[in-house]
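Let me begin by presenting the structure, written as C-alpha cells, before commenting on it.
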Amino acid sequence: MKVRTRFAPSPTGLLHIGGARTALFSWLYARKTQGEFILRIEDTDLERSTQASIDAILEAMDWLDLQYDEGPYYQTKRFDRYREIIQQLLDSGHAYKCYCSKEELDALREEQMARKEKPRYDGRWRDSTATPPEGVQPAIRFKNPVDGVVEFDDLVRGKITIANSELDDLIIARSDGVPTYNLSVVVDDIDMQVTHVIRGDDHINNTPRQINIMRALGAEIPKFAHVPMILGSDGQRLSKRHGAVGVMQYRDEGYLPEALLNYLVRLGWSHGDQEVFSRDELVQLFEIEDINRAPSSFSPDKLLWLNQHYIKTLPAERIAEELTWHLEQQKLDVSQGAAITEVIEAQRERAKTLVELVASSRYFYEPVTSYDEAGMKKQVTTDTPRYLAAVAEQLAQLSTWDEVNIHQAIQTSCEQLQVKLGKVGPALRLATTGGTSSPSLEVTLKLLGQSVTLERIQKFITYVENIA
RNA sequence: GUCCCUAUCAUCUAGUGGCCUAGGAUAUCGCCCUUUCACGGCGAGUACCGGGGUUCGAAUCCCCGUAGGGACGCCA
C-alpha cells in the first residue's frame, strides 16, 4: 500500500518551528517511501481560524519548499461529509445527544477536581430516557467503550496502552452542529487514506479516542508516530519569550531554509554522528524509528552555526536568490558595481546571517560616508596620507585590475616606503571601506574597481589632512 | 489531582549487555594560521538523575523514587 502522510495545522497563528518540524518529518517519510504528502487545514474552529494564518502557513511551507502532493484541503469545506458520518454514528448507536448546558458541565468538572478526580463527562445522557429539555440544542457525543483498553504501537514511542475507563464520551458535534476536531480528523484521515499519522505528541492522548471512533466506523487504523515537542532553551514549552517561533521570522532574520530544515531535522532525529544533511541525503536516510522519544531544547547557537555553514557552502547563485528579498528590505541597490555573486563569494565567510551579509557589504555599492572611529585612532598617523598616496600611485598604474596585480602593487609600495604592510593595510581598508573588517585587500579593491578605489583613497587623504 | 510520556556533557546527540577509563557536533577556553574581520587547523574542560535489583559483566534490562513535559474543552 502506498504511504500517505499529512500535515494538518490549524490556522490560528503562524507556522511555528515545532509544526515545521512535524511537517518536515511527514514530508520526508512520504518522499522516502515514494508516497504522498497531504496538506490539510484544520479550520473547524470558526472563531479562531483566520485567512491571514492560512496565508502565513502556505507561505512558510513554500519558503521551506515542503511541496505537498494533495491539498490544501479545508475542513470547513467538508462539513456535509462530517454530518453524514455523525448521523451514521447516531443511527448505529455509537453516538447520542447530550443536552447538558455549559454551566452544568463546568459545575461537574469543578466538583470532580475538588474530589481530586480526573475531570470527565459522567455520561448522564448516554442511556438516558428522560425527556430532553425544551428549546435546548443538543451536542452530540461519541459513545466510548466502557471496558477494555486501547492499545497502539506508536512508531516512535512503542506500545502505548490506555484504559477505556480513562476516556469519556467526547463531543463530536457542537450544539450548533459544527463537528469537533476529534471527529473531523478521523473522518479526514479515513477518507484521505492516510496511512501514517505523524504529529506532535500533544496528541497522544487523543489517539485512543480517535482509534475508538475509527473502529466504530469500521475503518482501518493508520499507524501513528508521535514526535516530541520542542522546548525553549530553559526546558519550558517554546514560546515567544524564547525568541522567534514563527518560521518566517527566521527568514526575516537572515536564515536560509536549508539551515532551518537541517537544524530542525537534527532536533530529535539523528543518523550516527552526521550533522549536515542535504535534502537528498535526508530523503534517503530518514527513518521514523530514529526519532528520539525525549523532547529537546531549541538552541539558537547551533542554528546559527548551520546557517553560516550553508552561507559558506551553498552555490553563490542560491545565496543570491535568497538574498534578493533582504536587499529589498535593507534597501541596498546592487544593480551597479560588483556582481552580487562575487560579493557573496568574498563575504560569505564572515556572515552568520543574510542580514549581516547585506549590512557588511554596503560599501561595495554605496559611497563611504564615515570612518570607523576606533580604527582611525589606532591605524592612522601623520604618515598615513603619504603612505596612501604612494599606494594610490602604484594602483593607478595598473592596466589590469586583478587580485594578483593589486596585491603586487601594495607590496611594492610597502617596499619602496620601507614600511611593513601593517602600517598601510589597515589604513587602506579604512579608506576604501570605512571600516576595519573586510575581505582581503586585493579582493576588496578588485570588487570596488580601480576608479572607485582611487577616488576613495584620495577622499580619505584629504579627510585625514583636514583633521590633522 | 488523575492519566500518558520522557530522562547521556550547558545544548543537540551517538550508544540496543562486554568494542565505553562513554564518541561526535554546537557553545566556551587555549594554541596555531593570518594585512583586518573572519574561515580553517589543533587541543582542553564538561555527562550516563538517585536508589535498589538481574547478570561473570549494565549508560544499555527490571522495579521504586525524583525531576521534566503533555493531556484532562461544545480548542486543535
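Chain identifiers are assigned alphabetically (A, B, ...) following the order of the sequence lines, protein sequences preceding nucleic acid strands; residue numbering begins at 1 within each chain.
- Interface remark: the A/Glu275 side chain does form a donor-acceptor pair with the B/G24 base, using a distance-only criterion of under 3.5 Å.
- When heavy atoms are screened at a 4.0 angstrom cut-off, A/Thr436 is found touching base atoms of the nucleic acid.
- Residue A/Lys312 is classed as a sugar-phosphate contact, given heavy-atom separations below 4.0 Å to backbone atoms only.
- Of all nucleotides listed (B/U26, B/C37, B/A38), B/C37 comes nearest to the side chain of A/Ser437.
- B/U28 is paired with B/A44 under the criterion used here, namely a Watson-Crick or G-U wobble arrangement in which both key atom distances are under 3.5 Å.
- Rounded to whole Å, the distance from CZ on A/Phe364 to P on B/C37 is 17 Å.
- Side-chain polar atoms of A/Asp43 and A/Thr76 form a donor-acceptor pair below 3.5 angstrom.
- Side-chain polar atoms of A/Ser413 and A/Gln394 form no donor-acceptor pair below 3.5 angstrom.
- Nucleotide B/C39 forms no Watson-Crick or G-U wobble pair with any nucleotide shown, as no partner meets the under 3.5 Å limit on both distances.
- Checking A/Gln137 against A/Asp176 by side-chain atom types alone, no donor-acceptor pair falls below 3.5 Å.
- Look at OH on A/Tyr387: it is 15 Å from C1' on B/U35, rounded to the nearest Å.
- Rounded to an integer number of Å, the gap from A/Arg293 CZ to B/A14 C1' is 14 Å.
- Rounding to whole angstrom units, CH2 of residue A/Trp305 and C1' of B/U13 are separated by 12 Å.
- Across all strands shown, B/C33 remains unpaired; no Watson-Crick or G-U wobble contact has both distances below 3.5 Å.
- If you check B/C49 for Watson-Crick or wobble pairing at under 3.5 angstrom, you find it paired to B/G65.
- For the residue pair A/Thr12 / A/Ser53, no side-chain donor-acceptor distance below 3.5 Å is found, with atom types taken as modelled.
- Going from atom CZ of A/Phe152 over to atom P of B/C4 covers 12 Å, rounded to whole Å.
- Using a 90° window around 0 for the glycosidic torsion, B/C9 falls outside it and is classed as anti.
- If you check every strand for non-hydrogen atoms under 4.0 Å, A/Gln308 touches sugar and phosphate atoms only.
- A/Ser299 has no side-chain polar atom (N or O) that falls below the 4.0 Å cut-off from OP1 or OP2 of B/U26.
- Between the side chains of A/Asp188 and A/Tyr82, at least one donor N or O sits under 3.5 Å from an acceptor N or O.
- Side-chain contact check for A/Arg199 and A/Thr207: at least one donor-acceptor pair (N or O, by modelled atom type) lies under 3.5 Å.
- Comparing B/C75 with B/C9, their C1' atoms sit 39 Å apart, to the nearest whole Å.
- The same atom, P, is picked in B/C49 and in B/A59; the two are 10 Å apart, to the nearest Å.
- Look at NE2 on A/His309: it is 18 Å from C1' on B/A27, rounded to the nearest Å.
- Pairing partner, B/C9: none, since no Watson-Crick or wobble contact has both distances short of 3.5 Å.
- Rounded to a whole Å, the NZ atom of A/Lys302 is 14 Å from the P atom of B/C9.
- Between the CG atom of A/Leu183 and the CD1 atom of A/Ile85 there is a distance of 8.0 Å, given to the nearest 0.5 Å.
- Across all strands shown, B/U21 forms no Watson-Crick or G-U wobble pair with both distances under 3.5 Å.
- Using atom P as the reference point in both B/U21 and B/U16, the two lie 14 Å apart (nearest Å).
- Nearest nucleotide to the A/Arg350 side chain, out of B/U36, B/U35, B/A25: B/U36.
- For B/C12, the OP1/OP2 oxygens have a side-chain nitrogen or oxygen of A/Ser297 closer than 4.0 Å.
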Q: Assign a letter to each nucleotide of nucleotides 63-76 of chain B from its 5' end: B, base within under 4.0 Å of a protein heavy atom; S, sugar-phosphate only; -, no contact.
A: -----SSBSBSBBB
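- No side-chain N or O of A/Asn144 forms a donor-acceptor pair with one of A/Asp169 less than 3.5 Å apart.
- Ring-plane geometry between A/Tyr263 and A/Phe298 is classed as perpendicular, the angle between the planes exceeding 60 degrees on a 0 to 90 degree scale with a lower cut at 30.
- Within residues 257-268 of chain A, the residues approached by RNA chain B to less than 4.0 Å at the level of any non-hydrogen atom are A/Arg266, A/Leu267, A/Gly268, in residue-number order.
- Nucleotide B/C75 forms a pair with no other nucleotide shown, judged by Watson-Crick or G-U wobble geometry with both contacts under 3.5 Å.
- Under the salt bridge (charged side-chain N to carboxylate O under 4.0 Å, His left out) criterion, A/Arg362 pairs with A/Glu366, not counting sequence neighbours.
- Residue A/Arg21 is the one, among A/Arg21 and A/Arg429, whose nearest nucleotide of RNA chain B lies closer to the 5' end (criterion: closest heavy atom).
- As the counterpart of B/C3, B/G70 is assigned, both hydrogen-bonding distances of the Watson-Crick or G-U wobble pattern falling under 3.5 Å.
- Between A/Phe286 and A/Phe25, the ring-plane angle classifies as parallel under the 30° and 60° cut-offs.
- Remark: the separation of the C1' atoms in B/G23 and B/C48 is 13 Å, to the nearest Å.
- Partner of A/Asp168 under the side chain to side chain donor-acceptor pair (under 3.5 Å) criterion, chosen from A/Arg209, A/Arg126, A/Lys118: A/Arg209.
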